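Since this is a predicted model, take the numbers as computed values, not measurements.
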Amino acid sequence: MRALLFLILALVAGPVSAQQGTPQIVDDSIPRSLTGQPGDAARGRAIVANRSVGLCLLCHSSPIAEERFQGDLAPSLAGAGSRWSEGQLRLRIVDGSRLNADTIMPAYYRTEGLHRVARGFEGKTILTPAQVEDVVAYLLTLRD
């Protein structure tokens, strides 16, 4: 299942050139923005809803009512901003395997330590730093 998910992400989303610097992890979060700027929640919502970029709805359900056929393999995104802090959300998007080694969620902003990466995707991230920040900004708006 994990290999299939990575293949789907690679084929649909395409690679993004790796950015400089590794985010600093503190406890269970990445407290600082990857860009030094806050993200845009509207762009983040579009990334979450877009089945060609992040593919979030392949596994997660969300309060985006117009999107049909949402996933149920992972926690609902509804209330994410109440359950996790900004830094905790950022780490989950950047590299959820830091919190759960068995996760099937792809590391959207990691390039090292990955296995069976197609040659054209080596050293590339799924999302840009700005896209990560946009998704974080959107998820923070989702409060119960």
Side-chain angles (χ1 to χ4, degrees), residues 1-19 22-23 25 27-144:
M1 176 69 175
R2 186 182 314 201
L4 177 61
L5 181 60
F6 284 119
L7 177 62
I8 291 169
L9 283 169
L11 293 174
V12 176
V16 176
S17 294
Q19 306 297 318
T22 302
I25 298 170
D27 298 323
D28 66 342
S29 73
I30 297 174
R32 295 180 185 254
S33 166
L34 302 180
T35 63
Q37 302 291 324
D40 178 271
R43 286 192 309 253
R45 184 185 191 280
I47 291 167
V48 169
N50 189 317
R51 295 184 189 267
S52 297
V53 180
L55 290 171
C56 303
L57 301 183
L58 181 66
C59 296
H60 296 277
S61 63
S62 77
I64 303 176
E66 68 273 16
E67 291 299 322
R68 297 176 54 201
F69 309 114
Q70 297 185 24
D72 62 3
L73 294 172
S76 171
L77 299 179
S82 297
R83 291 192 305 272
W84 297 295
S85 71
E86 177 180 343
Q88 290 170 322
L89 288 167
R90 188 174 294 112
L91 178 57
R92 281 161 172 76
I93 296 164
V94 165
D95 184 7
S97 70
R98 295 289 203 135
L99 301 166
N100 176 1
D102 295 326
T103 186
I104 62 169
M105 184 167 163
Y108 283 92
Y109 191 72
R110 186 177 100 197
T111 59
E112 297 176 3
L114 302 174
H115 303 284
R116 297 185 306 206
V117 177
R119 192 165 297 175
F121 294 87
E122 290 175 355
K124 299 181 176 153
T125 62
I126 297 170
L127 297 178
T128 68
Q131 288 173 316
V132 169
E133 293 307 319
D134 292 343
V135 172
V136 168
Y138 170 62
L139 295 176
L140 282 171
T141 69
L142 302 180
R143 302 199 174 265
D144 289 331

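Side chain of Q70 to main chain of I64: a donor-acceptor pair is present (N/O by atom type, distance under 3.5 Å, no hydrogens or angles). Although no hydrogens or angles enter the test, the distance criterion places a donor-acceptor pair under 3.5 Å between the side chain of Y108 and the main chain of G54. Panel note: side chain D134, backbone D40; a donor-acceptor pair is recorded below 3.5 Å. In this structure, Q88 contributes its side chain and D28 its backbone to no donor-acceptor pair below 3.5 Å. Remark: the backbone N or O of G96 is not paired with any side-chain donor or acceptor of T103 at under 3.5 angstrom.
Between atom CZ of residue R92 and atom CG of residue N100 there is a gap of 10.0 Å, rounded to the nearest 0.5 Å. Between atom OG of residue S61 and atom CG of residue L73 there is a gap of 10.5 Å, rounded to the nearest 0.5 Å.
Contact between S29 and L91 at its shortest, heavy atoms only, is N-CD2, 3.7 Å. Residues A130 and T35 approach most closely at N-CG2, 3.6 Å, considering heavy atoms. Smallest separation of non-hydrogen atoms from L77 and P63: C-CD, 4.5 Å. For the residue pair W84 and L89, the shortest heavy atom distance occurs at CE3-CD2, 3.7 Å. Contact detail for P106 and I126: the closest heavy-atom pair is CB-CD1, 3.9 Å. The heavy-atom pair separating S62 from L57 by the smallest distance is OG-CD2, 3.5 Å.
The shortest side-chain heavy-atom distance between Y109 and L127 does not fall under the 4.5 Å cut-off. The closest side-chain heavy-atom distance from E133 to R90 is below 4.5 Å.
A 6.0 Å sphere centred on CZ of R32 holds no more than 12 heavy atoms belonging to other residues, nucleotides or ligands. Within a 6.0 Å sphere centred on CG of D27, heavy atoms belonging to other residues, nucleotides or ligands number 12 at most. Around CZ of R98, the count of heavy atoms belonging to other residues, nucleotides or ligands within 6.0 Å does not exceed 12.
A donor atom on one side chain and an acceptor atom on the other are not found under 3.5 Å apart for R45 and T141.
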I'd like to know whether L139 forms a side chain to side chain contact (heavy atoms under 4.5 Å, CB included) with I93, so could you lay out the CA-CA distance, the side-chain angles of the two residues, the decisive distance to 0.1 Å, and finally the verdict.
CA-CA 11 Å; L139 295 176; I93 296 164; 3.9 Å; yes

Using the side chain to side chain contact (heavy atoms under 4.5 Å, CB included) rule, take T125 and V132 through it: C-alpha gap first, then chi angles, then the decisive distance, then the call.
CA-CA 11 Å; T125 62; V132 169; over 6 Å; no

